[in-house]
Amino acid sequence: MNPVDIETPHGLARAHLDASDSGRAALVLGHGAGGGVEAPDLVAAAEAARSDGIAVALVEQPYCVAGRRSPAGAPQLDAAWVAVVEHLRAGALSGLPLVVGGRSLGARVACRTLRSTGAIAVLCLAFPLEPPRRGGKPPQSRLPELDAVEVPVLVVQGENDRFGVPPAGPRREVVKVPGDHGLKKDPEAVAAAVRKWLPALSL
């Protein structure tokens, strides 16, 4: 993959881009809060897409490029993501139908910014449905972020994910695979779910 540095309102982001064959569509994925674009589930999803003739970009947020471990706040993450997607759509991925997504935190960003990116579908890997309870506070579900998405969604979730498993919905398919939130146990199961879902989008 070819790394491309992209200026955003909150610093330099980096897209690892494989668009050598142009592709019939594009998949842009973001990483989780504590890891990078080399996460096994991201790699598996990217390889599944490339095998189906889809161009792929794996995006590093500015805080990650800068070497910081703690993520920025949601407004900064969202603005940086939108800037990266706009840059890619104006250049290497121009004219291609766009699928966005990511793992964990990256999936949340993709869902929240859907209207700004104009994507036709969302791929969520290990969506963090409910954060761990703290101080006896009631659970805080992130399900509204998924429910707000009005295009087809695939959620690939570890069957033992400590954050829980989102329910399926009218436009949302949920596939449970062996493993936990890291989705490291069976990357091929992740890839198989993505390979099965992509053709259904009629890209």
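The chain is numbered in sequence order, starting from 1. None of the values given here were measured: they were computed from a predicted structure.
The distance from atom OG of Ser141 to atom CG of Leu146, rounded to the nearest 0.5 Å, is 8.5 Å. Taking CG of Leu27 as the start and CG of Asp18 as the end, the distance is 11.5 Å to the nearest 0.5 Å. How far NE2 of His87 is from CG of Leu93: 9.5 Å, rounded to the nearest 0.5 Å. One distance of note links CD of Gln157 with CG of Asp180; it measures 10.5 Å at 0.5 Å rounding.
Taking each heavy atom of Ala83 and Glu7 in turn, the nearest pair found is CB-O, 4.4 Å. Nearest heavy atom pair, residue Gly30 against residue Leu42, reads O-CD2, 3.7 Å. Between Ala79 and Pro9, the closest heavy-atom pair is O-CD, 4.2 Å. The shortest heavy-atom contact between Arg50 and Val56 is CG-CG2, 3.6 Å. Heavy-atom minimum distance, Ala121 versus Val151: CA-CG2, 3.7 Å. Shortest non-hydrogen contact noted between Gly158 and Val165 is O-CG2, 4.0 Å.
The backbone N or O of Pro128 sits less than 3.5 Å from a side-chain atom of Arg142, completing a donor-acceptor pair. Between the side chain of His31 and the backbone N or O of Gly106 there is no donor-acceptor pair closer than 3.5 Å. Between the side chain of Thr113 and the backbone N or O of Val109, at least one donor-acceptor pair lies under 3.5 Å. The backbone N or O of Gly91 sits nowhere less than 3.5 Å from a side-chain atom of Ser94 that would complete a donor-acceptor pair. Judged purely by atom type and a 3.5 angstrom limit, Tyr63 has no side-chain atom pairing as donor or acceptor with the backbone of Leu77.
Taking Glu60 as the reference, His16 meet the side-chain hydrogen bond (donor to acceptor under 3.5 Å, both in side chains) condition, with sequence neighbours excluded. Every residue meeting the salt bridge (charged side-chain N to carboxylate O under 4.0 Å, His left out) condition with Asp52, not counting sequence neighbours, appears here in chain and number order: Arg24. With sequence neighbours left out, Arg89 forms a salt bridge (charged side-chain N to carboxylate O under 4.0 Å, His left out) with no residue at all. Taking the side-chain hydrogen bond (donor to acceptor under 3.5 Å, both in side chains) definition, one finds that Glu145 meets it with Arg108, sequence neighbours left out. The salt bridge (charged side-chain N to carboxylate O under 4.0 Å, His left out) check on Asp147 picks up Arg172, with sequence neighbours excluded. Qualifying salt bridge (charged side-chain N to carboxylate O under 4.0 Å, His left out) partners for Glu188, counting only residues two or more places apart in sequence or in other chains: Arg195.
For Arg115, the CZ atom counts as loosely surrounded, since its 6.0 Å shell holds 12 or fewer non-hydrogen atoms of other residues, nucleotides or ligands.
Both Met1 and Ile54 are assigned to one and the same hydrophobic cluster, defined by single-linkage of ILVMFWY side chains at heavy-atom distances under 4.5 Å. Connection of Val65 to Val85 is not established within any shared hydrophobic cluster, with ILVMFWY side chains joined at heavy-atom distances below 4.5 Å, either directly or through further cluster members. Leu12 and Val84 are not part of a single hydrophobic cluster, where members link through side-chain heavy atoms under 4.5 Å apart. If you chain together hydrophobic residues whose side chains sit under 4.5 Å apart, Val43 and Leu29 never meet in one group. Grouping the Ile, Leu, Val, Met, Phe, Trp and Tyr side chains by contacts below 4.5 angstrom, directly or via other members, places Leu154 with Ile120.
For Lys184 and Asp41, the salt-bridge test fails: no basic side-chain N is under 4.0 Å from an acidic carboxylate O.
The shortest distance between side-chain heavy atoms of Leu143 and Pro167 falls below 4.5 Å. Residues Trp197 and Leu123 are in side-chain contact: their nearest non-hydrogen atoms beyond the backbone lie under 4.5 Å apart. Taking the side chain as every heavy atom from C-beta outward, Val155 and Val175 never approach each other to under 4.5 Å. Looking at Val59 and Val37, their side chains never come closer than 4.5 Å, going by heavy atoms from C-beta outward. With contacts defined as side-chain heavy-atom distances shorter than 4.5 Å, the pair Asp186/Val177 does not qualify. Side-chain atoms of Val100 and Trp81, non-hydrogen and from C-beta on, do get closer than 4.5 Å to each other. Counting heavy atoms from C-beta on, the side chains of Leu125 and Val156 come closer than 4.5 Å. Under the 4.5 Å side-chain criterion, counting only non-hydrogen atoms from C-beta, Leu183 is not in contact with Pro40.
Relative ring orientation between Phe163 and His181 is described as tilted, the plane-to-plane angle lying within the 30° to 60° band.
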